[in-house]
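Right, one structure below, let's go through it.
As the structure is a computational prediction, the values presented were derived from the model and not from experiment.
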Amino acid sequence: SVSFCLHSKSLLLNSRRQIRKIFLSRRAVWSIKDGIMKKPFIVGVVVFLGLLAVGYGLVISNLSGPKVQGKRVSVWMDELASREVAIRDKAKSTITNNAKEFLPALVSMMHFQDSEDKQKWATVLNVDYPPSYSRRLGAVRGFNVLGAAAAPAVPELLPLLAVQDAGQDVAAAFGAIGKDAVAPLTQKLSDSDKQVRAMAAASLARMKAGEATAAADALIKGLKDED
């Protein structure tokens with residue numbers, strides 16, 4: 001009977017061990033399943049937050065404008081009008097030495113159009129939102145600094161001759177670029193749109209003495225334009 005009792009006790013202990021192993025193995029399986037089920041959720045949240053951050057950055061960039069050398073281009077343009085000589089000189093030097101980076105941004109500023117939706121987003125996100133006229137004014141300062149170095153922007157600026165609100169600003173930009181803009185502007189003197197013809201003439205008039213000589217005949221012919 002003693003041996004029977006010992007045998008029974010041994011069986012009982014073995015049974016408990018087996019039950020415990022089964023329980024632990026099942027719990028491990030459940031943990032794995034929980035991890036597998038949670039993983040897509042976690043990945044989804046991370047991806048969503050990443051996309052949200054990228055979207056936020058794009059919205060801010062669109063509203064406030066691009067950065068060059070770690071600073072908003074609009075800020076560089078404002079510094080060109082600073083009362084402090086040191087700030088103005090640093091801005092001029094930075095723009096001149098990084099013309100290829102600044103030029104696309106200046107063109108973008110010239111083309112920028114205001115909208116109520118953009119204004120609302122700027123208010124909600126609490127970001128700086130310079131209006132289009134302010135951006136164009138700043139861009140003209142940049143073109144004045146770059147001068148002839150901004151010639152590659154001429155084809156992209158020509159369509160703005162037809163935009164009434166931007167006409168005088170684009171004329172100032174062409175005046176700063178100088179002789180490299182004379183030929184395409186001369187062609188625009190015979191455009192079917194009187195707004196384009198007028199702004200082309202204004203652009204040529206903004207140039208330094210001698211730069212628009214090649215357009216003299218076309219300008220004289222334009223004086224006979226009844227519009």
query = Knowing that exactly one of Asp169, Leu204, Leu161 qualifies, which makes a side chain to side chain contact (heavy atoms under 4.5 Å, CB included) with Phe174?
reply = Leu161
Heavy-atom side-chain proximity of Phe102 to Val73 below 4.5 angstrom = yes
ask   = So, for Arg197 and Asp191, which heavy atoms are closest and what is the spacing to 0.1 Å?
value = NH1-O, 2.6 Å
inquiry  = Looking at every non-hydrogen atom in both residues, tell me the closest pair between Ala139 and Met110 and how far apart they are.
reply    = CB-SD, 3.6 Å
request  = Apply side chain to side chain contact (heavy atoms under 4.5 Å, CB included) to Asn97 and list each qualifying residue two or more places apart in sequence or on a separate chain.
outcome  = Ser93
key: Rounded distance [0.5 Å steps], CH2 in Trp76 versus CD1 in Ile95   = 7.5 Å
inquiry  = Give me the atom names and distance for the closest heavy-atom approach of Ala150 to Phe143.
reply    = CB-CD2, 3.5 Å
key: Expected output: side-chain His111 to main-chain Glu156 donor-acceptor under 3.5 Å   = yes
inquiry  = Measuring from atom CD of Gln69 to atom CD of Glu101, what distance do you get when rounded to the nearest 0.5 angstrom?
reply    = 5.0 Å
key: Test item: Leu158 and Leu185 side chains (from C-beta on) under 4.5 Å apart, heavy atoms   = yes
task = Using the side chain to side chain donor-acceptor pair (under 3.5 Å) rule, collect all pairs that involve residues 80-91, keeping only residues at least two apart or in two chains.
result = none
ask   = How many angstroms lie between atom OG of Ser132 and atom CE of Met109, to the nearest 0.5 angstrom?
value = 11.0 Å
Heavy-atom pair of closest approach, residues Leu103 and Ala153 = CD1-CB, 3.9 Å
task = Hey, could you give me the OG/CE distance between Ser134 and Met77, rounded to the nearest 0.5 Å?
result = 11.5 Å
inquiry  = In the structure I gave you, are the side-chain heavy atoms of Arg136 and Gln168 within less than 4.5 Å of one another anywhere?
reply    = no
inquiry  = Tell me whether Ile177 shares a hydrophobic cluster with Leu137, the cluster being built from Ile, Leu, Val, Met, Phe, Trp, Tyr side chains joined at under 4.5 Å.
reply    = no
Greater than 12 external heavy atoms within 6.0 Å of Lys71's NZ = yes
key: Distance, nearest 0.5 Å, that separates CD of Gln195 from NZ of Lys188   = 12.5 Å
note = Separation between CD1 (Ile87) and CG (Leu80), nearest 0.5 Å, reads 11.0 Å
request  = Grab the two heavy atoms, one from Asn144 and one from Ala172, that are nearest each other, plus how far apart they are.
outcome  = OD1-O, 4.5 Å
remark   = Taken in chain and number order and not counting sequence neighbours, the residues that satisfy side chain to side chain contact (heavy atoms under 4.5 Å, CB included) with Pro159 are none
request  = Work out which heavy atom in Ala181 is nearest to a heavy atom in Met207; give both atom names and the distance.
outcome  = CB-CE, 4.0 Å
